[in-house]
Amino acid sequence: MHYRPLGRTGWKVSDISFGAWAIGGAWGQVSDDDAMAALHQAIDSGVNFLDTADVYGGGRSERLIARLKKSRKEEIIVATKAGRRLPRQTVGGYTRQNLVSWIDDSLRNLATDALDLLQLHCPPTDLYPRPEVFAMLDDFVKAGKIRYYGVSVEKIEEALKAIEYPNVQTVQIIFNCFRQRPAEVFFPQAKQKKIGILARVPLASGLLTGKFRRDSTFSSDDHRNFNRHGASFDVGETFSGVDYNVALEAVEQIRKLVPAGASMSQFALRWILMFDAVTCTIPGAKRAAQVEDNVRAADLPPLPVATMEAVDRLYRERIRPLGHHYW
Ligand SMILES: NC(=O)c1ccc[n+]([C@@H]2O[C@H](COP(=O)([O-])OP(=O)(O)OC[C@H]3O[C@@H](n4cnc5c(N)ncnc54)[C@H](OP(=O)(O)O)[C@@H]3O)[C@@H](O)[C@H]2O)c1
């Protein structure tokens with residue numbers, strides 16, 4: 001495992017970290033035992049940073065992480081999120097009272113006195129020009145409820161606005177072989193401002209593991225079934241918003257680029273780590289074996305220039321025309 005500085009926080013976090021959405025909910029059934037085994041495997045592998053949210057399984061993901069922390073002596077940094085418990089995303093919902101109540105619930109779930117990193121959870125675009133919201137977050141830092149804060153964004157333009165606020169430490173954004181615009185438009189500015197970048201949905205919801213087929217099915221409580229066309233939340237969060245069949249064809253092109261001895265998941269994660277603006281990627285995993293596979297990406301040698309060019313070409317020809325400018 002390798003560690004990179006998380007913005008200006010002073011923390012160094014594992015470049016392959018852990019996304020704890022799937023162990024919470026919305027990805028089909030995951031037992032507590034499997035979820036705990038996945039978390040322990042992550043820590044055994046040198047992961048020291050976990051990303052969760054209050055809404056993942058209604059607090060289940062946070063509570064599982066609290067259990068993990070209780071039984072491990074290693075330092076584990078936990079990023080959580082707030083805002084998605086609003087019935088409708090409106091700026092008006094981001095009141096001091098709501099924020100305090102969401103933070104207090106996360107403190108309870110995580111069994112801690114202060115949240116390491118609180119991220120606004122894909123708030124509406126018109127929240128970003130509202131300094132009073134960020135001023136409230138400053139107050140929570142001063143009060144000792146949160147150590148640092150950041151944002152999780154849908155769109156690059158939101159990220160660019162967010163990093164105008166001097167105490168925004170991190171931006172979580174979708175970045176993978178099928179979602180490359182952040183590297184062009186956002187990374188140079190984030191790097192200059194020493195913003196920590198958390199690359200989420202790195203496996204395009206599992207597509208970039210190479211395991212899916214045209215006839216793969218997903219259970220009714222898995223967002224790859226119920227949100228495939230954006231019925232519940234932003235369509236970009238499911239399969240990166242790429243049409244499933246187009247993506248399967250692109251996956252076959254990527255398969256040819258995977259070095260001998262590596263899995264496609266490792267390749268997809270190593271591709272992300274080729275960008276030094278990225279602090280870490282946070283692949284989700286439901287089982288210990290998936291974690292074991294994913295963490296090995298950290299030890300793959302850098303991908304050859306020709307391989308990076310081939311992924312770039314594939315993106316430009318097959319994926320970019322479908323949605324490059326949307327996010
Ligand atoms: N709005 C937000 O802020 C937001 C939105 C999305 C995600 N996130 C964060 O980002 C994290 C990562 O994104 P994600 O979980 O949506 O997607 P992802 O990391 O691209 O995909 C994760 C899924 O891929 C499958 N998988 C993982 N490793 C595998 C392996 N080695 N071999 C085979 N299958 C494997 C697992 O599902 P199956 O086994 O069922 O296929 C796993 O749940 C989340 O956990 C969450 O922390 C945040």
Side-chain angles (χ1 to χ4, degrees), residues 16-30 34-35 38-39 41-42 45 47 49-57 61-62 64-65 78-84 89 117-123 150-155 158-159 170-179 197-213 216-219 221-225 227 232-242 247 251 258 262-272 280-297 327:
I16 303 291
S17 285
F18 184 94
W21 181 16
I23 62 164
W27 286 77
Q29 295 302 303
V30 182
D34 280 350
L39 286 168
Q41 181 62 53
S45 310
V47 169
F49 183 78
L50 313 175
D51 177 72
T52 183
D54 56 356
V55 282
Y56 295 166
S61 173
E62 290 182 328
L64 290 167
I65 288 173
V78 181
T80 192
K81 312 189 196 76
R84 286 272 140 187
Q89 282 299 311
L117 177 70
L118 178 75
Q119 304 159 96
L120 297 181
H121 198 167
C122 295
V151 290
S152 183
V153 300
E154 298 292 4
K155 294 175 193 287
E158 297 166 345
T170 57
V171 169
Q172 184 180 137
I173 192 160
I174 299 182
F175 181 59
N176 60 43
C177 296
F178 291 164
R179 182 72 75 87
I197 295 182
L198 317 182
R200 79 166 180 268
V201 196
L203 301 170
S205 315
L207 268 172
L208 287 167
T209 68
K211 68 181 176 180
F212 294 138
R213 303 283 172 264
S216 298
T217 54
F218 302 93
S219 61
D221 56 350
D222 186 327
H223 71 100
R224 293 170 294 186
N225 177 331
N227 195 54
S232 294
F233 43 81
D234 194 289
V235 68
E237 303 294 352
T238 303
F239 298 133
S240 271
V242 182
V251 160
V258 177
S263 68
M264 192 185 289
S265 313
Q266 291 160 9
F267 175 88
L269 298 172
R270 189 66 184 88
W271 181 88
I272 291 170
C280 65
T281 178
I282 48 171
K286 293 164 144 177
R287 282 179 288 285
Q290 292 181 341
V291 177
E292 262 188 293
D293 182 9
N294 297 341
V295 292
R296 283 200 211 107
W327 294 281

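The figures here come from the full heavy-atom set of this structure, side chains too, leaving out hydrogens, waters and symmetry mates. Indexing begins at 1, ligand by ligand and atom by atom, following the structure's order. By convention here, the first residue in the shown sequence is residue 1.
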Which segment of Ser205 sits under 4.0 Å of ligand 1 when only heavy atoms are counted: backbone
Location of contacts on Glu237 toward ligand 1, heavy atoms closer than 4.0 Å: side chain
For atom 44 (C) of ligand 1, closest protein heavy-atom neighbour: Trp21 CB, 3.6 Å
Protein contact to atom 34 (N) of ligand 1 [nearest heavy atom, distance to 0.1 Å]: Lys211 NZ, 2.9 Å
Nearest option to atom 26 (N) of ligand 1, as decided by whichever heavy atom of Arg296, Gln290, Lys286 sits closest: Gln290
Short N or O distance, Phe212 and ligand 1, threshold 3.5 Å exclusive: no
Short side-chain to backbone donor-acceptor contact, Thr281 and Ala199, under 3.5 Å: yes
Whether Trp27 and His223 hold their rings parallel, tilted or perpendicular, with breakpoints at 30° and 60°: perpendicular
Tyr56 near ligand 1 by a heavy-atom separation under 4.0 Å: yes
Glu154 contact mode with ligand 1 (heavy-atom cut-off under 4.0 Å): neither
Taking atom 22 (C) of ligand 1 as the reference point, the nearest protein heavy atom with its distance: Gly284 O, 3.5 Å
Within reach of ligand 1, part of Leu203 (heavy-atom separation under 4.0 Å): both
Phe175 ring center within less than 6.0 Å of Trp271 ring center: yes
Atom 24 (O) of ligand 1 [closest protein heavy-atom partner, distance rounded to 0.1 Å]: Gly206 CA, 3.5 Å
Option nearest atom 1 (N) of ligand 1 (shortest heavy-atom distance, choices Ala289, Pro283, Cys122): Cys122
Under-4.0 Å heavy-atom contact with ligand 1, by part of Thr209 that carries it: side chain
Proximity of Pro202 to ligand 1 by residue part, where a heavy atom lies under 4.0 Å: both
Side chain, backbone, both or neither: Phe239 near ligand 1, heavy atoms under 4.0 Å: neither
CG-CD distance between Asn294 and Gln41, expressed to the nearest 0.5 angstrom: 10.5 Å
Exercise: do Asp293 and Gln266 side chains pair donor with acceptor under 3.5 Å: yes
Pairwise distance NZ(Lys81) to SG(Cys122) - rounded to 0.5 angstrom: 8.0 Å
Donor on one side chain, acceptor on other, Thr52 and Ser61, under 3.5 Å: yes
Per-residue contact class, Lys81 against ligand 1 - non-hydrogen pairs under 4.0 Å: side chain
Contact check, Arg287 vs ligand 1, heavy-atom distance below 4.0 Å: yes
Member of Val242, Leu207, Leu269, Leu208 meeting the side-chain contact (heavy atoms from CB on, under 4.5 Å) criterion with Asn176: Leu208
Phe18 touching ligand 1 at heavy-atom level, < 4.0 angstrom: no
Arg224 touching ligand 1 at heavy-atom level, < 4.0 angstrom: yes
Minimum-distance protein heavy atom relative to atom 3 (O) of ligand 1: Ser152 OG, 2.6 Å
